Visitor: 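Have a look at this one before I ask anything.
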Amino acid sequence: MWLVQDKNKKSTPTPAANSKSLSKTAENTKRKNENQTKSDSIVTPTSNNKSKKQKKNNNVSAVLEPLGSNTKQDSVNSNPKKTLANKQPQSNLKKNAAKSGWRKIELPKNMTMPDNEMCGVLDFEEIDVEYNVGDDPLNTSIKIKDGGNSNNGKEFDDFDDINWDDFIFLDDFSEEKAEKGQLKSIGMQFKESQGKKKSKNKNKTSNIEESATLADSPIANIEESATPADSPIANIADDTNELEVSVDKVNEVVSEQKPKNKKKAKKSKQQKKSEAEELKEEQEFDPEFDVSQWEILGLNDTVLNGIKSIKFERPTEIQERAIPFALSGNDILGAAQTGSGKTLAFGLPIIQKIIETRAQTKSENQTDSDSERIEPILSAVILVPTRELAIQVNEHLAKVSRHEKVRIVSVIGGMSMQKQERLLKLGPEIVVATPGRLWEIVEQTDLLSGKLGKIKFLVLDEADRMLEKGHFKELTDLLRVINLERSKNPEIKRQTMVFSATLNKDLAIDKKKFKKASTAKDSPMQDMINKLQFQQKSPILIDITPKSSVSNQISEARIECLKDDKEIYLYFFLTRFTGKSLVFVNSISALRRLVPILTNLKIPAFPLHASMQQRQRLKNLDRFKESPNGVLVASDVASRGLDIPMVDHVIHYQVPRAGDLYVHRSGRTARGENEGVVIIFVCPEERQNYLKLCKLMQKPEISELPLDYSVMGKMKQLVSLARQIDSIEHKVKKESHESDWLNKAARDMDIEIDPHFVKSTSVIYDDSSDDNVIGGGAGGRITTHRKEKLTNLKNQLDSLLAKPILPPGAIRSFLTGGIVADMASKLLNPSNNPRMPNQLKETALNLTKSSNMNPKKKQKRN
Ligand SMILES: Nc1ncnc2c1ncn2[C@@H]1O[C@H](COP(=O)(O)OP(=O)(O)OP(=O)(O)O)[C@@H](O)[C@H]1O
């Protein structure tokens with residue numbers, strides 16, 4: 001059984017508490033103190049039954065409180081002794097919490113436990129509610145629900161994100177120990193046991209030592225269960241694919257040393273998925289597959305085997321041009337359109353080099369009896385601007401190097417730093433990283449010291465993005481460290497490869513101009529080139545971007561409408577054409593407005609933006625990938641590099657602020673050999689920017705999408721209902737949040753809210769309009785009224801959504817004659833759009849292509 005430590009008062013400060021969590025704690029304390037001051041002025045003291053309950057709880061030394069009741073203790077002081085010395089009157093609740101710094105939380109009744117025994121409750125600072133556990137960590141997965149909203153719940157199968165310094169085993173808990181500050185968190189116990197094991201096994205190699213300890217410790221078992229030991233790419237089965245490393249050797253050691261009596265670990269969903277994928281890949285491998293087109297580029301048999309697994313018949317142009325140069329050791333500046341296969345253009349030569357180096361090292365060590373213990377060498381660092389892209393590049397390279405088990409680790413922000421450190425200790429050969437987190441690791445640990453300076457390859461993918469705010473500083477710092485060693489020892493050879501679809505920021509992609517821009521003394525490109533310290537005076541420039549920078553496989557079209565009507569037009573487009581759509585917005589606020597409206601309209605819409613938790617970002621990305629008609633509403637964090645299969649439409653819901661954004665956003669469709677549609681929404685306020693964009697892209701105006709807009713009245717009605725529902729839901733949530741806050745403040749202070757106060761601060765609801773709240777009255781009534789209105793609106797919307805969307809006049813004349821005389825047959829015709837039966841089931845691609853061929857084709861508007 002475990003107790004959970006209140007995040008706001010660590011009575012047993014642990015060495016592992018990192019600066020981030022400490023600062024967060026301080027921030028929480030400050031906020032809580034502010035809240036307390038606020039609540040002092042609005043609540044009155046009382047003695048009620050609750051305080052009796054709390055007295056009783058005092059005897060058990062941990063505060064009992066129902067999970068989700070929001071009765072977290074107030075933070076008093078991070079030092080328990082100091083708190084006890086504090087003579088200020090406090091509620092029993094507070095004293096109790098201050099004494100122990102730990103609290104026990106009752107589990108909700110509906111919680112299922114394998115052995116009917118409580119084992120633990122998790123309460124993370126970044127997660128509002130819950131839980132689920134079993135008593136055997138190996139047979140357990142944790143489900144943590146975000147924000148208490150079950151629709152929005154997320155599940156982790158991964159114990160690695162738990163800070164074990166925040167938990168103790170309940171059996172270890174005593175009030176005495178708590179007072180003396182002698183409680184040892186699970187994390188501390190683990191570290192101690194790890195220390196002991198290490199000294200016992202000091203003759204073993206460091207990797208083996210660590211694995212052995214991991215295998216013996218309860219925490220280790222948990223960690224292992226999150227990292228499939230038998231997978232060649234250990235973390236590919238991680239539920240987020242957060243990190244990947246091929247650690248066969250270490251894994252062998254781990255599995256050998258597992259205690260015999262250990263219960264069989266239940267395979268996580270992800271493990272199973274990864275095993276299934278591996279099996280599939282194994283079956284997909286075709287030794288007879290013709291790779292002659294690749295062979296002529298100079299790739300060796302091992303890499304060619306990798307290609308036989310992924311079955312790419314021939315190299316793309318950028319691969320054809322870049323691979324031979326890269327294999328012969330050149331620095332490269334490569335520009336090619338989005339989705340043209342740049343990852344393998346730099347990835348295959350790196351993999352080949354790693355395999356060759358391994359073979360060479362092995363043959364050099366053949367006389368050495370220790371040849372089996374060859375230290376893996378960090379050969380390549382690939383820097384990318386976003387976390388999702390890092391994971392994707394990792395997966396892509398892991399897939400093609402699967403037979404050789406090249407060790408690849410992603411180092412990205414927003415994920416467990418400890419896990420990334422542990423994987424780095426195992427010795428990766430390729431690190432794919434975002435600059436921020438890699439720099440954090442370099443600064444805070446010595447895991448990469450001496451290694452970065454010796455790498456054989458440095459890649460900057462989406463290089464132009466790296467020059468922008470948010471990456472530039474860390475990138476510069478990293479380059480300083482990477483170049484340091486070489487400046488001392490010029491013998492060290494390193495190839496540098498820089499790739500993007502928009503290498504030249506001003507988008508003037510013509511060779512002369514590009515060269516000019518990249519050599520102009522004061523350009524950021526030149527600055528970066530200087531910092532990169534290419535080994536060659538002039539790196540090989542391969543620029544095969546099309547004139548307009550946008551892929552030739554993309555068909556573009558424009559939708560003109562008023563700013564306030566964009567939601568209606570978007571809903572219309574998404575209903576009219578089936579397929580996967582990626583909708584880009586310029587701001588998170590626009591995204592937050594749009595997603596609930598689409599959700600109310602039963603469109604499977606998923607948000608993705610940089611302020612979301614990383615796990616949620618990945619989860620939404622996965623949901624989008626799996627949903628054939630899904631809509632990802634994203635900020636520009638998704639604009640670069642993401643290779644999501646079969647995105648049919650990219651929609652610029654707002655005109656992008658820069659030309660390169662237009663290119664990269666648009667490039668999320670038409671990947672590889674596919675075609676795709678790009679739609680840009682333009683409202684009168686954006687017209688100027690749109691025209692500038694066209695000029696920048698060196699193209700005439702984008703043709704307008706020829707649509708039959710006769711159903712727009714219906715669409716407007718539906719969207720208006722969805723908006724109203726969202727607005728009321730928002731208000732109800734806000735009210736309930738405020739009332740929770742008030743009740744919580746009162747509970748924390750052991751006081752009762754004065755009903756007069758509630759009355760005087762409440763508002764009167766004007767029945768004539770949902771928005772006319774004019775002051776004075778009872779809050780509860782308002783909420784009830786709103787809820788009723790909400791139910792009515794939802795019913796109304798549901799019934800409209802269940803009907804086909806028909807042009808005006810269709811209902812009256814339905815089945816009888818007039819403009820929709822043949823409606824019955826249309827409704828039954830499978831080649832018509834089921835939601836809009838008077839329209840053909842047509843793809844946006846065909847329509848856009850035909851309008852591009854015939855730009856004068858007019859659309860009908862009512
Ligand atoms: N030779 C090939 N034949 C067929 N498909 C390929 C080939 N090379 C790569 N691909 C596929 O093309 C898609 C795009 O590749 P990749 O992500 O490397 O493009 P990119 O040029 O880096 O795009 P972006 O500029 O958007 O980052 C991927 O799905 C990849 O698997």
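All of these numbers come straight from a predicted model, not from anything done at the bench. Each ligand, and each atom within it, is numbered from 1 in the order the structure gives.
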Visitor: Applying side chain to side chain donor-acceptor pair (under 3.5 Å) between D660 and each of R665, R640, R465, report the one that passes.
Guide: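 Among R665, R640, R465, the one meeting side chain to side chain donor-acceptor pair (under 3.5 Å) with D660 is R640.
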Visitor: Ignoring hydrogens and geometry beyond distance, is a side-chain donor-acceptor pair present between S401 and E404 at under 3.5 Å?
Guide: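 Short answer, no.
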Visitor: Tell me every residue that passes salt bridge (charged side-chain N to carboxylate O under 4.0 Å, His left out) with D648, counting only those two or more places apart in sequence or in another chain.
Guide: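 By the salt bridge (charged side-chain N to carboxylate O under 4.0 Å, His left out) rule, D648 matches no residue at all.
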Visitor: When you pair each N or O of ligand 1 with protein N or O atoms, which pairs come out under 3.5 Å?
Guide:
from, atom 1, to, atom 2, distance (Å)
ligand 1, 1 (N), R314, O, 2.9
ligand 1, 1 (N), Q319, OE1, 3.0
ligand 1, 8 (N), Q319, NE2, 2.8
ligand 1, 17 (O), R671, NH2, 2.9
ligand 1, 18 (O), K342, N, 3.4
ligand 1, 18 (O), T343, N, 3.1
ligand 1, 18 (O), T343, OG1, 2.7
ligand 1, 19 (O), G341, N, 3.2
ligand 1, 19 (O), R671, NH2, 3.3
ligand 1, 21 (O), S340, N, 3.0
ligand 1, 21 (O), G341, N, 3.1
ligand 1, 21 (O), K342, N, 3.1
ligand 1, 21 (O), K342, NZ, 2.8
ligand 1, 23 (O), G339, N, 2.8
ligand 1, 23 (O), R671, NH1, 3.4
ligand 1, 23 (O), R671, NH2, 3.0
ligand 1, 25 (O), K342, NZ, 2.7
ligand 1, 26 (O), R668, NH1, 2.9
ligand 1, 26 (O), R668, NH2, 2.8
ligand 1, 26 (O), R671, NH1, 2.6
ligand 1, 26 (O), R671, NH2, 3.4
ligand 1, 27 (O), E462, OE2, 3.1
ligand 1, 29 (O), D643, OD1, 3.3
ligand 1, 29 (O), D643, OD2, 2.5

Visitor: Do the charged groups of K456 and E356 touch, with an N to O distance under 4.0 Å?
Guide: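 No, K456 and E356 are not salt-bridged.
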Visitor: What residues, two or more places apart in sequence or in another chain, satisfy salt bridge (charged side-chain N to carboxylate O under 4.0 Å, His left out) together with K580?
Guide: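 With neighbours one apart ignored, the set is empty.
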Visitor: Could you list the donor-acceptor pairs under 3.5 angstrom formed between side-chain atoms of residues 338-351 and any protein atom two or more places apart in sequence or on another chain?
Guide:
from, atom 1, to, atom 2, distance (Å)
S340, OG, Q337, O, 2.6
K342, NZ, A336, O, 2.9
K342, NZ, Q337, O, 3.0

